[in-house]
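In what follows, chains carry the letters A, B, and so on, assigned in the order in which the sequence lines appear, proteins first and then strands, with residues in each chain numbered from 1. Computed from a prediction, not measured in an experiment: that's the story for all the values here.
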2 protein chains.
Amino acid sequence: MDCKPRRLRYHAPMNEGAKNERVRLSAEDWEDGALALIAEQGVGALAVEALARRLGVTKGSFYWHFRTREALLQAALERWEEYGEREVLAEIERIPDPRKRFPELFRRVAHEVQPHRVYAALLKALDHPQVVPVMGRVSQRRIDFLTRMYAEAGLEPVSALHRARLTYAAYVGFLQLNFTLGLPRISHEEFDAYVEHMIATLTP
Amino acid sequence: MDCKPRRLRYHAPMNEGAKNERVRLSAEDWEDGALALIAEQGVGALAVEALARRLGVTKGSFYWHFRTREALLQAALERWEEYGEREVLAEIERIPDPRKRFPELFRRVAHEVQPHRVYAALLKALDHPQVVPVMGRVSQRRIDFLTRMYAEAGLEPVSALHRARLTYAAYVGFLQLNFTLGLPRISHEEFDAYVEHMIATLTP
DNA sequence: GGATAACCATACGCAGGCGTATTGACGGGC
DNA sequence: GCCCGTCAATACGCCTGCGTATGGTTATCC
């Protein structure tokens, strides 16, 4: 209406400093945009016309790249699943002393914020049939990882599995309680203390 | 269309065995129906025409009882908040030995299923602005309760608060992971073992 | 420097869901 | 026995959001 799409340059030359001025989009651009929108406003807010406005085009563009809105969600979710985690877990595994891994892992996850935004949003969208399998796979992988860590730290197999589930449940629950519910706006020091408490009671 | 509303009797006499044949509805009936629908299909599925079909009437009835769909949701949520918990927590508090309370509490909550359905559904609907305050209040109350229990069991105030948060987070996360995500369909014995593990690592 | 492919705008159709208006049927109090 | 309050059916308008059709614009390839 009032915000006529300002197109600035097409396919900016490589040597030019990329001041993200292009307006000609690829499928990946749409997927990234979708993930950003999901992180900010939840899966329910992922509408093609809204996303198009956000990207400065109209949906005429969208339907060139994707057959349907569902296809976009699918692609975005797969993209997220692909590029998630990996690094952190790999680095943790590289620590020799198994019992030293948990403090490091907990502190690590506790202090990165951005990646959790999407995860929290997806947690709130577990009604949606498309996100369930993705979250299922991701959770399973992470629990498997934790189980292995606990086993290597000396817990017998069954205990290791239970402890892993407990740990991961605590993680998920924490996200729910603090990200989406804003439970009493915990302070920074208090949060650190909480993490340390968690480390103390959860490492074998 | 094909399911013409079968009306059976109006205001069945008191002495008659209540075989829920009435079709004349009250606001409470709508609220209960809403909660049932939420438990089964989530908050997003709460649509007035759908609910009306479910109750065997049309929405013409609905708008006599409620001004808007939003009002129904609000009423249903308040009703749920009102009639929730209470009993369990009170009974737990009656156990003299503080450290014996946790096993009882955990086993207790672990084995009731139905009340968790609504809670799990609400957890998935934390996008919705109307459910956030309700969940906030409920969670806060429960965490307060846990904090008191832990304090009475000998933890110093700060530790008690942290332990309470951890416990409640584990609870919430467990609901997410198992109810809505159907993580690998845990068996009955395994579940009991998990609960016992939780008791062991979480009671001071 | 045209032709072709990639990308986008505009206009439209269509379905679902909310809310309103109007009318109808039943029932209890006077 | 009538009347009014309560509950319900039907029909309608509206808005949102998806998907389609069609044609226009830009980039690339020869």
Parallel, tilted or perpendicular, as decided by the 30° and 60° cut-offs, for the rings of A/W80 and A/Y119: tilted

A/H65 side chain to A/L25 backbone, donor-acceptor under 3.5 Å: yes

base_contact_polar (C/dA6 base, A/R24 side chain, donor-acceptor, <3.5 Å): yes

Under 3.5 Å donor-acceptor, B/H197 side chain and B/A193 backbone: no

Whole-Å distance separating the CH2 atom of B/W64 from the P atom of C/dG19: 18 Å

Between CG on residue A/D192 and CD1 on residue A/I186, distance to nearest 0.5 Å: 9.5 Å

B/H65 side chain near D/dA8 phosphate (N/O to OP1/OP2, under 4.0 Å): yes

B/F174/B/Y171 aromatic ring centres below 6.0 Å: no

ring-ring contact (aromatic ring centres under 6.0 Å, His included) between B/F62 and B/W30, intermediate numbers included: CA-CA 8 Å; B/F62 176 84; B/W30 284 94; 5.3 Å; yes

Under 3.5 Å, N/O pairs linking protein and nucleotides 15-19 of chain D:
unit_1: D/dC18; atom_1: OP2; unit_2: A/V48; atom_2: N; d: 3.4
unit_1: D/dC18; atom_1: N4; unit_2: A/K59; atom_2: NZ; d: 3.2
unit_1: D/dG19; atom_1: OP1; unit_2: A/T68; atom_2: OG1; d: 3.3
unit_1: D/dG19; atom_1: OP2; unit_2: A/Y63; atom_2: OH; d: 3.2
unit_1: D/dG19; atom_1: OP2; unit_2: A/T68; atom_2: OG1; d: 3.4
unit_1: D/dG19; atom_1: OP2; unit_2: A/R69; atom_2: N; d: 2.8
unit_1: D/dG19; atom_1: N7; unit_2: A/K59; atom_2: NZ; d: 3.0
unit_1: D/dG19; atom_1: O6; unit_2: A/K59; atom_2: NZ; d: 2.1

Gap between atoms CZ and P, on A/F66 and C/dA6 respectively (whole Å): 16 Å

Length of the CG-C1' vector between A/D29 and C/dC7, whole Å: 12 Å

